[in-house]
Amino acid sequence: MDINNNEKGRISVVGMGPGRESMMTQQALQAMDASDVIVGYTVYLELLGDRFAGKEMLSTPMKQEAERCRMAFDEAAKGKSVAMICSGDAGIYGMASLMFEVKEELGSNAADIEIDVIPGITAASSGAALLGAPLNHDFCVISLSDLLTPWELIERRLRAAAEGDFAIAIYNPSSKKRHDYLQKACDILLEKAEPERACGYVRSIGRDGEEFRTCTLGELRDTDVDMFTTVFIGNSQSRIMGDRLITPRGYRL
Ligand code: SAH
């Protein structure tokens, strides 16, 4: 694509799915193909493999998300077409909202730069598929990361989800500093849900080392998971069938 210095470029915020290329949408692949530069966290750039070798790639370390967005706007202001990549869906614990906020912060300097959000397969969806059908009724998604959200609010949402008998997909269940957060979350859920509640978890979806397991809520409480894991809590009707986790839709057989 020609770079035209008189024209402002565009930014696509691209959800690249969980990892492997076959789980990226055509729209995501086209946005990356059409871009002059791909911006992203190093791990995600590495996940792209050789598919976009030769393209300009820019990265900032983790926790410099706003800086990464500003970098994308700097490149777009030069007239380039920029793909900012996120794992899963760009608008689910991703960079899409921050990109709009940074555009607002930059004011007239970024006014002409358009933002496109390209959806991707989020971990709740790709992980659910491996487990079977754990989210096949009303469900909610809760992140246990308290980096940007007060823990009290996370607790309130866990209680509300259990009270509402939602199936739950839990993101960010653990990190080096928060290794006991899943245990704390299970203790809150156990105030309403029985220890036999059907649950499961999926690790490294679409990446090397992919694995899924079912367990009860009581067992989950004592399970160590890492930050590359998505956890599934069934609702009161969920069942473990063989090695899969199923939440019935309610059809009568
Ligand atoms: N935007 C991403 C979520 C980012 S938050 C998405 O839509 O999927 C990071 C959390 O997402 C991780 O802690 C984990 O709970 C989950 N996650 C993201 N990619 C994953 C993968 N490949 N395998 C398992 N869990 C994943």
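For ligands, and for the atoms within them, numbers begin at 1 and follow the listed sequence. No experiment lies behind these values; they were computed from the predicted model shown. Values reported hereafter were calculated over all heavy atoms of this structure, with side chains retained and with hydrogens, waters and symmetry mates removed.
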Work out whether the distance between some heavy atom of Ser204 and some atom of ligand 1 is less than 4.0 Å. yes
Are any of the heavy atoms in Pro173 under 4.0 Å away from ligand 1? yes
So, Tyr171 and Thr122: side-chain donor and acceptor under 3.5 Å apart, yes or no? yes
Ile121 versus ligand 1: do any nitrogen or oxygen atoms come within less than 3.5 Å of each other? no
Run the numbers for me: atoms of ligand 1, each under 4.0 Å from some heavy atom of Pro18, listed by number. 22 (N)
What's the shortest distance from atom 11 (O) of ligand 1 to any protein heavy atom, and which residue and atom give it? Tyr171 CD2, 3.3 Å
Atom 25 (N) of ligand 1 - nearest protein heavy atom and its distance: Thr230 OG1, 2.8 Å
Would Asn235 and Thr247 count as a side-chain hydrogen bond (donor to acceptor under 3.5 Å, both in side chains) if you check the C-alpha gap in whole Å, the side-chain angles of each, and the deciding distance to 0.1 Å? CA-CA 7 Å; Asn235 70 14; Thr247 299; 4.7 Å; no
Taking 4.0 angstrom as the limit and counting only heavy atoms of Met227, give me the atoms of ligand 1 inside it, by number and element. 12 (C), 13 (O), 14 (C)
Below 4.0 Å from any atom of ligand 1, is there a heavy atom belonging to Ser87? yes
Does any N or O of ligand 1 fall below 3.5 Å from an N or O anywhere on Ile205, backbone included? yes
Which of Met99, Lys80, Glu75 passes side-chain contact (heavy atoms from CB on, under 4.5 Å) with Ile11? Answer is Met99
Does NZ or CZ of Lys103 come closer than 6.0 Å to the centre of the six-membered ring of Phe100, within 45° of the ring's axis? no
Counting only heavy atoms closer than 4.0 Å, does ligand 1 sit against the backbone of Thr229, its side chain, both, or neither? backbone
Before signing off on this row, confirm whether Val202 and ligand 1 have an N or O atom pair separated by under 3.5 Å. no
Considering both backbone and side-chain atoms of Ala123, is one of its nitrogen or oxygen atoms within less than 3.5 Å of a nitrogen or oxygen in ligand 1? yes
Could you list which atoms of ligand 1 come closer than 4.0 Å to a heavy atom of Asp89? 1 (N), 6 (C), 7 (O)
In the protein, which heavy atom is nearest to atom 4 (C) of ligand 1, and how far is it? Tyr93 O, 3.6 Å
Find all atoms of ligand 1 within a distance of less than 4.0 Å from any non-hydrogen atom belonging to Thr122, and give their numbers and elements. 6 (C), 7 (O), 8 (O)
Membership question, hydrophobic clusters at under 4.5 Å side-chain separation (ILVMFWY): are Ile121 and Ile85 in the same one? no
Less than 4.0 Å between a side-chain N and a carboxylate O, is that true for Glu155 and Lys184? no
Under a 4.0 angstrom heavy-atom cut-off, which atoms of ligand 1 come close to Asn172? 5 (S), 9 (C), 10 (C), 12 (C), 13 (O), 15 (O)
Does the Glu219 side chain pair with the main chain of Thr216, one donor and one acceptor, at a distance under 3.5 Å? yes
Which residue owns the protein heavy atom closest to atom 19 (N) of ligand 1, what's the atom, and how far is it? Arg207 NH2, 3.8 Å
Checking side-chain contact (heavy atoms from CB on, under 4.5 Å) for the pair Tyr41/Glu65: CA distance, chi angles, key distance, verdict? CA-CA 9 Å; Tyr41 174 49; Glu65 284 76 14; over 6 Å; no
Phe212 reachable from Leu245 in the ILVMFWY side-chain graph, under 4.5 Å edges: yes
Quick check: is Ile246 connected to Leu130 through a chain of hydrophobic side chains (ILVMFWY, heavy atoms under 4.5 Å apart)? no
If the cut-off is 4.0 Å to any non-hydrogen atom of Phe228, which atoms of ligand 1 fall inside it? 23 (N), 24 (C), 25 (N)
How close does the nearest protein non-hydrogen atom get to atom 1 (N) of ligand 1, and which residue and atom is it? Ile92 O, 2.7 Å
Do Ile115 and Met16 land in one hydrophobic cluster if side-chain heavy atoms of ILVMFWY residues count as linked below 4.5 Å? no
Over 12 non-hydrogen atoms of neighbours within 6.0 angstrom of CZ in Arg156: no
